[in-house]
Undergrad: 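I'd like to ask some things about the structure below.
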There are 2 protein chains.
Amino acid sequence: MAYPSANVSERELQSPSLALSTVIFALRHDPQSGRPELWLPLVRRIRQPHHGKWALPGGPLASHESLQDAAARNLSETTGLDPRYLEQLYAFGGVDRAAAQRLVSIVYWALVQPDEAQLARESENVRWFRADSLGPLAFDHNEIVDYALWRLRNKMAYGSIAYHFLGERFTLAQVREVYEAVLGRALDPANFRRHLRAAPDIAATDEFRQGGRHRPPRLYRYTGTSTPVGGASAATGATATPPPDTAASSPPVPVNAGRNP
Amino acid sequence: MAYPSANVSERELQSPSLALSTVIFALRHDPQSGRPELWLPLVRRIRQPHHGKWALPGGPLASHESLQDAAARNLSETTGLDPRYLEQLYAFGGVDRAAAQRLVSIVYWALVQPDEAQLARESENVRWFRADSLGPLAFDHNEIVDYALWRLRNKMAYGSIAYHFLGERFTLAQVREVYEAVLGRALDPANFRRHLRAAPDIAATDEFRQGGRHRPPRLYRYTGTSTPVGGASAATGATATPPPDTAASSPPVPVNAGRNP
DNA sequence: ACAAAAGTGTTTTAACTACACCCATGG
DNA sequence: CCATGGGTGTAGTTAAAACACTTTTGT
């Protein structure tokens with residue numbers, strides 16, 4: 001881009017390597033408690049540095065694709081996933097974050113639904129882990145995951161993001177469970193329900209889920225706009241949906257509602 | 001970083017150029033109304049492409065410096081500014097955003113205080129503009145500025161960000177004027193004052209501003225943590241979109257605390 | 001009939017808005 | 001003593017939290 005007056009020596013101007021990585025979150029039901037928990041897929045590094053360690057899926061940026069497209073492609077190639085929700089997280093560019101070379105990573109984060117997560121090919125070199133109990137990862141990926149978790153929780157608190165963990169139809173209790181899993185605390189069912197029903201982009205259907213040994217709950221669907229993945233906004237790579245936190249005026253979703261011991 | 005299984009051809013793997021740019025905001029008092037307004041400095045491009053057009057200050061990333069350091073250095077070299085508040089905004093990487101070559105720009109945004117802004121050397125090729133009345137800029141810089149404005153307003157709504165526009169000591173009315181300038185609407189002085197006094201990181205001093213033809217207002221100071229500029233945390237250098245300020249959580253990597261206007 | 005979760009109503013409490021009013025200074 | 005903004009008080013309104021209660025299913 002050649003800006004005026006940049007007086008660094010020519011040797012230093014060699015562009016550092018640029019890579020894309022993605023933190024992918026999905027909910028998995030714990031067989032015992034039945035409650036959903038946060039999981040994410042990692043890939044095992046098959047070369048130096050950090051050979052053998054687990055790392056975030058990622059890869060290089062090809063010249064013909066936008067950042068978002070590149071993130072989606074790398075994701076698909078390494079894990080077989082094609083998430084609906086994919087958003088830029090942060091650009092990490094510390095000097096010493098990769099051993100030998102200078103490396104800048106633009107990190108995306110994604111939410112996938114349980115059925116999608118099933119499709120993810122698990123193998124010797126791709127495995128799912130619980131988000132809150134990761135071992136030491138390659139590079140600075142632990143920090144990146146921590147940051148993604150922090151961002152997820154914050155966005156959850158006032159965003160319309162929880163639905164991206166769920167399928168087309170869902171019960172209000174499922175939404176509550178998503179919140180409880182991500183925020184890590186119990187919420188009052190009654191108040192939570194009231195909040196959701198006041199939200200503009202959740203519509204009731206006339207279907208009910210059968211099978212539980214209790215009164216069948218009504219199914220709802222999300223009518224809001226998903227973050228576009230890939231196609232539309234490729235022009236600048238950041239357009240249609242201004243990246244983070246579209247929510248200044250948006251849907252009030254439940255925040256605190258502690259249940260009593 | 002060489003991730004596994006990236007099946008794109010070798011020709012496409014050539015790293016695209018990487019640049020840093022910064023959107024700098026400062027408040028300037030309108031001589032007529034006396035009210036502060038948002039301004040930002042731009043630099044005139046002195047080579048192709050977009051020769052002669054106004055653009056965001058920026059430049060390349062040197063191999064020895066973090067992203068944050070590079071942003072600060074470019075800023076200093078092009079405009080003479082050394083802002084206290086400097087945070088990553090977004091990485092823009094659309095395929096066609098620069099004419100000839102592929103270019104990824106990691107954009108930062110900064111807030112500077114009036115006295116700092118005075119120091120900015122203004123010249124033939126560096127000039128300040130009102131943020132809401134910019135002509136067509138080089139590249140996709142109009143979009144970037146719009147996004148920065150949107151983010152500023154959002155963060156303002158519940159952040160502890162306003163003080164970075166002001167000096168060491170300020171009156172509560174000054175803070176209110178900052179909010180009014182950025183949000184574009186009037187606020188109730190009485191209620192605003194109550195909110196600020198309830199904020200944890202604003203402390204009263206025993207000084208008063210003299211000289212107005214009215215009761216001298218008390219001076220306050222900001223005791224919260226500024227976003228470090230180029231400091232230790234620049235290693236991974238993550239600063240983020242804030243939470244609903246109640247979430248007392250701070251991110252795994254730096255950010256500033258919150259308040260409730 | 002009973003357990004269990006869906007769903008509704010109601011009281012309490014905190015937060016925010018609007019606006020009236022007093023205070024201290026320069027002219 | 002008057003104009004001007006600094007600063008305080010307070011009633012009315014709105015949203016949120018807590019929790020008792022009713023409804024509908026499966027077994």
Side-chain angles (χ1 to χ4, degrees), chain A residues 29 33-36 156-158 166 169-180 183 185-200 202-221 248-261, chain B residues 29 33-36 156-158 166 169-181 183 185-200 202-221 244-248 258-261:
Chain A
H29 284 79
S33 72
R35 303 217 169 279
M156 203 73 155
Y158 67 94
L166 301 170
R169 314 256 143 146
F170 48 83
T171 70
L172 297 190
Q174 282 182 292
V175 181
R176 178 168 49 82
E177 284 178 335
V178 173
Y179 272 85
E180 291 178 335
L183 299 181
R185 67 167 186 275
L187 303 173
D188 183 311
N191 295 330
F192 190 86
R193 138 178 295 274
R194 256 188 293 270
H195 278 120
L196 284 194
R197 302 218 54 172
I202 294 194
T205 71
D206 49 2
E207 298 170 55
F208 293 80
R209 173 156 351 270
Q210 305 293 338
R213 44 163 164 272
H214 53 76
R215 173 174 176 176
R218 183 181 291 272
L219 292 175
Y220 293 78
R221 58 181 228 280
S249 57
S250 259
V253 207
V255 190
N256 330 325
R259 222 177 342 202
N260 249 10
Chain B
H29 285 78
S33 72
R35 305 218 165 278
M156 203 73 157
Y158 50 84
L166 301 170
R169 314 256 141 146
F170 47 82
T171 70
L172 298 189
Q174 281 182 292
V175 182
R176 177 167 49 82
E177 284 178 336
V178 174
Y179 272 85
E180 291 177 337
L183 299 181
R185 67 166 189 277
L187 303 173
D188 184 317
N191 296 329
F192 189 85
R193 136 178 296 272
R194 254 187 294 270
H195 278 118
L196 285 194
R197 303 219 52 171
I202 294 194
T205 71
D206 50 0
E207 299 170 54
F208 293 79
R209 172 151 358 263
Q210 307 292 340
R213 46 162 164 268
H214 52 77
R215 174 175 175 175
R218 184 181 289 273
L219 292 175
Y220 293 78
R221 59 180 226 279
D245 106 275
T246 57
R259 184 191 33 90
N260 208 5

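In what follows, chains are A, B, ... by sequence order, proteins preceding strands, each numbered from 1.
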Undergrad: Under the side chain to side chain contact (heavy atoms under 4.5 Å, CB included) rule, collect the residues that match up with B/R213, sequence neighbours excluded.
TA: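 Counting only residues at least two positions away or on another chain, B/R213 forms no side chain to side chain contact (heavy atoms under 4.5 Å, CB included).
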Undergrad: Give the intermediate values and the outcome of side chain to side chain contact (heavy atoms under 4.5 Å, CB included) for residues B/R197 and B/L172.
TA: CA-CA 9 Å; B/R197 303 219 52 171; B/L172 298 189; 4.1 Å; yes
Undergrad: Which whole-number value in Å describes the distance from A/L172 CG to C/dT8 C1'?
TA: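 Nearest whole value for this atom pair: 14 Å.
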Undergrad: To the nearest Å, give me how far apart CZ (A/R209) and C1' (D/dG26) are.
TA: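 Between C1' of D/dG26 and CZ of A/R209: 16 Å.
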Undergrad: A/F208 CZ to D/dG26 C1': how many Å, rounded?
TA: 17 Å
Undergrad: Shortest non-hydrogen contact from B/P216 to B/Q210?
TA: CG-OE1, 3.8 Å
Undergrad: Would you mind reading off the distance between B/R185 atom CZ and C/dT17 atom C1', rounded to a whole angstrom?
TA: 13 Å
Undergrad: Working to the nearest 0.5 angstrom, can you tell me the gap between B/Q174 CD and B/L219 CG?
TA: 8.0 Å
Undergrad: Is any side-chain heavy atom of A/F192 closer than 4.5 Å to a side-chain heavy atom of A/D188?
TA: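 Sidechains of A/D188 and A/F192: no contact.
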Undergrad: How would you list, by chain and number, every residue that makes a side chain to side chain contact (heavy atoms under 4.5 Å, CB included) with A/P217, sequence neighbours excluded?
TA: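 A/P217 satisfies side chain to side chain contact (heavy atoms under 4.5 Å, CB included) with A/T171, A/R209, A/H214 once adjacent residues are dropped.
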Undergrad: List the atom of B/T205, the atom of B/R218, and the distance in Å for their closest heavy-atom pair.
TA: O-NH1, 2.7 Å
Undergrad: Please enumerate all residues that pass salt bridge (charged side-chain N to carboxylate O under 4.0 Å, His left out) together with B/R35, with sequence neighbours excluded.
TA: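 Salt bridge (charged side-chain N to carboxylate O under 4.0 Å, His left out) list for B/R35, sorted by chain: B/E177.
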Undergrad: Would you mind reading off the distance between A/L187 atom CG and D/dA17 atom C1', rounded to a whole angstrom?
TA: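 Going from A/L187 (CG) to D/dA17 (C1'), I get 12 Å.
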Undergrad: Check whether any side-chain N or O of A/R218 sits under 4.0 Å from OP1 or OP2 of C/dA6, and answer yes or no.
TA: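 For C/dA6, neither OP1 nor OP2 has a side-chain N or O of A/R218 closer than 4.0 Å.
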Undergrad: Angle between the two end axes of the helix from C/dA1-D/dT27 to C/dG27-D/dC1, five base pairs per end, rounded to 10 degrees?
TA: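 Rounded to the nearest 10 degrees, the bend comes out at 0°.
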Undergrad: Measure the distance from CZ on A/R35 to C1' on C/dA5 and round it to the nearest whole Å.
TA: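 After rounding, the gap between these two atoms is 11 Å.
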Undergrad: Name the nucleic acid region contacted by B/R176, choosing base, sugar-phosphate or nothing; use a 4.0 angstrom heavy-atom cut-off, strictly under.
TA: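 Answer is sugar-phosphate: B/R176 comes under 4.0 Å of backbone atoms only.
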Undergrad: Specify the separation, in whole Å, of atom CZ of A/F192 and atom C1' of C/dA6.
TA: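 Result: 15 Å.
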Undergrad: Give the B/S/- string for nucleotides 18-27 of chain C, one per nucleotide from 5' to 3', where a protein heavy atom under 4.0 Å of the base yields B, of only the sugar-phosphate yields S, and otherwise -.
TA: BB---BBBS-
Undergrad: Kindly write out the residues that satisfy side chain to side chain contact (heavy atoms under 4.5 Å, CB included) with B/R215, not counting sequence neighbours, or none if the list is empty.
TA: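 Residues passing side chain to side chain contact (heavy atoms under 4.5 Å, CB included) with B/R215: none at all.
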Undergrad: Rounded to whole Å, how long is the line connecting atom CZ of A/R197 with atom P of D/dA16?
TA: 17 Å
